[in-house]
Amino acid sequence: MSTILTATEITVSYGDRTVLDAATLAIEEGDRIGLVGRNGCGKTTFLRILAGLQSPDRGDVTRRRELVVSYLPQDFMLDPAKNVLENIRDGAKHVLDLIAEFESLPQDSKRHEELEHRIAALEGWTLDRRIETAMSHLNCPAADRRMETLSGGEKRRVAMCRALVSDPDLLILDEPTNHLDPEAIEWVAEFLDEFHGSFLVVTHDRYFLDRVAKRLVELSDGRFFSHAGNYTDYLLDKAERQAADATLEHKRQMFLKKELAWVRQGPRAQRSKQKNRFERYYETAAEDGPVIEEDVELCIPPPPQLGNRVVELSNLGMDLGGRTLFRGFNFTFENGQRIGVAGRNGLGKTTLLKIILGQLAPTKGTVKTGQLTKFNYVDQGRIQLCEERTALEEVSDGTEFVIFGDGKLSLRAYLKRFLFADERITTQVKYLSGGERSRLLLARILKNGGNFLILDEPTNDLDLPTLRVLEEALIAFPGTVLVVSHDRYFLNRVCTDVLAFEGDGKIHHSVGDYDYYLEKKQRQVVAATRQSAAILAANKAAALSRAAAVKATNSAKPAGPRKLSFKETRELEGMEAQIHAVDAEIARIENLFASPDFHRTHATQTNQLTAALAGAREHLVRLYARWEELEAIKAETEKHQPS
C-alpha cells in the first residue's frame, strides 16, 4: 500500500499549552483509523490541519497529487442561503465541476475522454442515486427545506450526508454518530465497511469503533501511539504499554534512590569515573517520567431519600402533530433502577421525559410523582454557556459552595474533580476546548442534586475516559436513573432495564441490559419468521391449487381460449427469474436472523428487516399465483392450436 498523506513533526500551541508536540502520522491507502484521546488533547485541531483548514505552528503535511479529502467537523459548515439538497450536492462539488466541464466540451476532444474516465472513477454518474440513498438512510429532512428551519440534529445529518456522498480518497469524520439513531449508525458503519478509500474517524461510540476501525491511533501528551486492530485491541495494547512504562519508571526511581544515597556521601576524590557517575545521576533525574492520566472524579451529590412512590405512569398516551407517539403505556419507577431509553429518532423519547418532568401534559393517562421525588434533568441541548464568563462564574450562580450530602464542597475543589486546573478555572469559556465545555456543563448541572436523575443523550461530545467515569458514577448512584442514549456500550454498562420505543405507538419494557433486550427480540423474530414461513408454504400450496382449478375450469370451457398478449408473454418469460430472486432475498434475510451474531451486527435493523421479509413473502405468493395463471392460459392456447 502507498502513503496518501503524511503529517510530519506537527506542533501546535495555544498560549503556554502545547497540544501537538512534533507529532507524526502517515495514512495509507485503505486505512481505517480510529483517533482517540481525551477531549482537549488536540484531536480536532489535527483533523482541521489534515483538512487544510488550519496551519500548524511547525511541521508539514504532504498529500498525494489530486487527493480528494472530505471533512465532517463537529461544528459543521452549511450554507444558510441554500436548501438541504443544494448543501448536500456541495459535498460533491469537485465531481459536479468535472461533469459541467465534460458536458461543455466536444465529444472528440482528448480532454472529454479523460474527464469521462475520471468521473467514472469517482462514481459521478451515480451521484444522484447515492445522494437519495444517503438521505433516506440518514433520515435527512426534505430536500427543499431551508437551513434556518432545521434543528441541530437535522443539520448534522445533512452535513453527514454531504461528507459521505463526495466519494473522497480520504474521509475525515469528527464525531459522526452524534444525533444519529441506531439504524442510521448501522448504515454509516456498513457504508464505511464498503468504502474504497481511507478514513480517519473520531468518535466516543465504542461499538462503532470496534465495528469500523482496523487501526487505533491515540493522541496523548502531544504525540501519536498507533495500535493495530479495533478498540478492544487498543485497550489491551494500552494496558501493556502503561505497564511497561510503569516498570521503566520504577527502575528509574530505584536507580535515583540508590545514586542519591551515594551523592549524599559526598565522595572526596573527583576522579573521572566518579564524575561520570554524577553526570549519569543528574541526566536521569532530569528525564520526564511517563505522563499519568488523571480521571474526572465525577461527583454526583448524594441524593435525598426517595419515598415508597417514585413515579407511576398509568395508561399513558401522547399525540403530537397529528401523530400518535405512544399509547397505553404503564410503568412504575422504583428506587435503584437505572433505565435506558432506546429507539429511533422521532418516536417520542424526549417527549416521554418531558411528560415525566411535568413540562408536557399527556394526551391520555396520568403521571403520579412521589412527594419526596426530586428531579435533576440534563437535557439534550444542555444549557448554553456564556462565552465571556469564566468556568468558575458559570458554575457558581452567586454561590461559593456546592451542597454535598450533609456537608459543603468549595467550587474550586468541585471543578478540580472535573479536571480543571487552577488556571483553567479562571479561564473564560470562549477559550475552553470542546471537552472542557462539556465537562463544565456537566459540573454545572450535576451540582443541582436530586434523587431521580434524567439524562437525555449525555454521551454526546464526552471523551472515552470521561464516559467511563460517568458510567461508574451512575452505577454507584443510590437513586433512580432514566437515560436516553444511542450508545450501546453505555447502555450495557449502566442499565438494569430498557424501555425500547419500537414504533407503531409501542414502548416495550425489558429487564436487563440492551444486548439482552436485542437477543430476546431476535428470538421473537426468529419464532415469528418460522410461523410466517409455515403460513407462506400454506399460501403457496393454496395458490397452486387455485391455479390448477382455474386451469381445469378453462379446459372444460367449449369457447376458444384467450391468448397471451405480447406483454404477458414477456412477463411469463421473466417470471421464473423473479421468483428465484425473491426466494434468494427471503433466504438472505432469514439467514441474517438465524446468525448467532445478529444482535451485534444487525439488531438495530430488526424492524426494517422484519418488514422487508414480510413484504418479500407476500410478493412471492403473488408471483406464484400470477405464474400459474399465465401458465394456465399458455397451456390452454397450445391445446387448441392445430397440430
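These numbers come from the heavy atoms of this one structure, side chains and all, not from hydrogens, waters or symmetry mates. Residue numbers run from 1 in the order of the sequence given.
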For D210 and N230, run side chain to side chain donor-acceptor pair (under 3.5 Å): C-alpha distance rounded to whole Å, both residues' side-chain angles, the deciding distance at 0.1 Å, then the answer. CA-CA 5 Å; D210 254 348; N230 59 15; 3.2 Å; yes
Atom pair CG (L78) and CZ (R162), whose distance is rounded to the nearest 0.5 Å: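 L78 CG to R162 CZ: 6.0 Å, rounded to 0.5 Å.
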Just to verify, what does L357 make a side-chain contact (heavy atoms from CB on, under 4.5 Å) with, not counting sequence neighbours?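 Counting only residues at least two positions away or on another chain, L357 forms a side-chain contact (heavy atoms from CB on, under 4.5 Å) with Q359, F375, Y377, I454.
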CG on N315 to NZ on K364, rounded to 0.5 Å: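 Output value for this atom pair is 7.5 Å.
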Decide yes or no on side chain to side chain contact (heavy atoms under 4.5 Å, CB included) for I507 and L316, but give the supporting numbers first. CA-CA 10 Å; I507 304 176; L316 206 64; over 6 Å; no
Would you find a donor on one side and an acceptor on the other, under 3.5 Å apart, between the side chain of N335 and the backbone of V310?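 Not a single qualifying donor-acceptor pair exists.
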For the pair D513 and R493, find out whether any cationic side-chain nitrogen is under 4.0 Å from an anionic carboxylate oxygen.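 Salt bridge between D513 and R493, a charged N being under 4.0 Å from a carboxylate O: no.
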Applying side chain to side chain donor-acceptor pair (under 3.5 Å), run through H486 and N345 and close with a yes or a no. CA-CA 10 Å; H486 296 316; N345 289 334; 3.1 Å; yes
Drop me the distance from L192's CG to F195's CZ, to the nearest 0.5 angstrom.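 Result: 7.5 Å between the selected atoms.
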Side-chain heavy atoms of T480 within contact of E334, under 4.5 Å: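 T480 does not reach E334 side chain to side chain.
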Kindly give the heavy-atom pair with the smallest separation between V582 and L623, and that separation in Å.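 Scanning both residues, the minimum pair turns out to be CG2-CD1, 3.8 Å.
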For residues 300-324, which residue pairs qualify under salt bridge (Lys or Arg N to Asp or Glu O under 4.0 Å), counting only residues two or more places apart or in two chains?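 Every pair satisfying salt bridge (Lys or Arg N to Asp or Glu O under 4.0 Å) with a residue in residues 300-324: R309-E312.
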Should N492 and Y207 be marked as a side chain to side chain donor-acceptor pair (under 3.5 Å) after you check the CA-CA gap, both sets of side-chain angles, and the distance that decides it? CA-CA 11 Å; N492 282 336; Y207 269 107; 2.9 Å; yes
Might you work through the side chain to side chain contact (heavy atoms under 4.5 Å, CB included) test for R327 and D504, ending with a clear yes or no? CA-CA 9 Å; R327 58 181 177 271; D504 197 25; 4.0 Å; yes
Between P478 and P303, which heavy-atom pair has the shortest distance, and what is it?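 Looking at all heavy atoms of both residues, the shortest contact is CG-CD, 3.4 Å.
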Evaluate the criterion side chain to side chain contact (heavy atoms under 4.5 Å, CB included) for residue pair V484 and L455; output intermediate values, then yes/no. CA-CA 6 Å; V484 174; L455 309 173; over 6 Å; no
Mind checking what makes salt bridge (Lys or Arg N to Asp or Glu O under 4.0 Å) contact with R588, not counting sequence neighbours?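 Per chain and number, R588 pairs via salt bridge (Lys or Arg N to Asp or Glu O under 4.0 Å) with E585.
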Check: C140 main-chain N/O paired with R157 side-chain donor or acceptor under 3.5 Å: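 No, because the side chain of R157 does not come within donor-acceptor range (under 3.5 Å) of the backbone of C140.
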Taking C-beta and beyond as the side chain, do M135 and L85 meet within less than 4.5 Å on heavy atoms?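 Side chain of M135 against side chain of L85, heavy atoms only: contact under 4.5 Å found.
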Roughly how far, to the nearest 0.5 Å, is the CG atom of D90 from the NZ atom of K82?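 These two atoms lie 3.5 Å from each other.
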So, the side chain of Y414 versus the backbone of A443: is there a donor-acceptor pair under 3.5 Å, distance only?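 Yes.
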Less than 4.5 Å apart, any side-chain heavy atom of T177 and any of V188?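 No, their side chains stay 4.5 Å or more apart.
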Verdict with reasoning, D193 to R32, per salt bridge (Lys or Arg N to Asp or Glu O under 4.0 Å): CA-CA 9 Å; D193 282 343; R32 273 94 171 92; over 6 Å; no
Just so I know, are the side chains of D487 and F208 near enough to count as touching, which here means a heavy-atom distance under 4.5 Å?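 Result no, sub-4.5 Å side-chain heavy-atom pair not found.
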Minimum heavy-atom distance between P458 and L470, given as atom pair plus value: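 P458 and L470 have their closest heavy atoms at CB-CD2, 4.2 Å.
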H509: which residues meet the ring pair (Phe, Tyr, Trp, His ring centres under 6.0 Å) condition with it, sequence neighbours left out?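 Once residues adjacent in sequence are excluded, the partners of H509 under the ring pair (Phe, Tyr, Trp, His ring centres under 6.0 Å) criterion are F331.
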Main chain of G343, side chain of K349: is a donor-acceptor contact present, judged purely on distance under 3.5 Å?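 Checked: pair present.
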Answer whether the closest heavy-atom distance between the side chains of L360 and I355 falls below 4.5 Å.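 Yes, close enough: below the 4.5 Å cut-off.
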Check whether any side-chain heavy atom of R211 lies under 4.5 Å from a side-chain heavy atom of E190, and answer yes or no.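 Counting from C-beta outward, R211 and E190 do come under 4.5 Å.
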Without swapping roles, check the side chain of D497 against the backbone of V511 for a donor-acceptor pair under 3.5 Å.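 Checking the backbone N and O of V511 against the side chain of D497, no donor-acceptor pair under 3.5 Å is found.
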Please report the closest heavy-atom contact between V483 and C495, naming both atoms and the distance.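 For V483 versus C495, the nearest heavy atoms are CG1-SG, 4.4 Å.
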If you look at every heavy atom in R338 and V494, which pair is closest and at what distance?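 Taking every non-hydrogen atom into account, NE-O, 2.6 Å.
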Validation row: F490, H204 side chains within 4.5 angstrom (heavy atoms):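 Result no, sub-4.5 Å side-chain heavy-atom pair not found.
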Find the distance between OG1 (T44) and CD1 (I172) and round it off to the nearest 0.5 Å.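 It is 11.5 Å, given to the nearest 0.5 Å.
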Can you list the residues that meet the side-chain contact (heavy atoms from CB on, under 4.5 Å) rule with A577, with sequence neighbours excluded?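 Not a single residue meets the side-chain contact (heavy atoms from CB on, under 4.5 Å) criterion with A577.
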Are any side-chain N or O atoms of T133 and backbone N or O atoms of R129, one a donor and one an acceptor, separated by less than 3.5 Å?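 Yes, the answer is positive, given that a donor and an acceptor are paired below the 3.5 Å cut-off.
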With sequence neighbours excluded, tell me which residues meet side-chain contact (heavy atoms from CB on, under 4.5 Å) with R145.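 Partners of R145 under the side-chain contact (heavy atoms from CB on, under 4.5 Å) test: V84, P141, A142, T149, L150, E154.
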Donor-acceptor under 3.5 Å (S166 side chain, A163 main chain):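 Yes, because the side chain of S166 sits within donor-acceptor range (under 3.5 Å) of the backbone of A163.
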Just how far is it from atom CG of N330 to atom CG of L313, taken to the nearest 0.5 Å?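 CG of L313 is found 8.0 Å from CG of N330.
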Might you confirm whether atom CD of Q371 has over 12 heavy atoms from other residues, nucleotides or ligands at distances under 6.0 Å?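 Counting other residues, nucleotides and ligands, CD of Q371 stays at 12 neighbours or fewer.
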Taking all atoms of both residues into account, what is the closest heavy-atom pair of G348 and F326, and its distance?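 G348 and F326 have their closest heavy atoms at O-CE2, 3.9 Å.
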Is a donor on one side and an acceptor on the other found under 3.5 Å between the side chain of N451 and the backbone of P304?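 Yes.
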Note, T203 side chain near L173 side chain (heavy atom, < 4.5 Å):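 T203 vs L173: side chains apart.
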Side chain to side chain contact (heavy atoms under 4.5 Å, CB included), that's the test. Do I131 and R89 meet it? Break it down for me. CA-CA 8 Å; I131 288 176; R89 288 175 67 84; 3.6 Å; yes
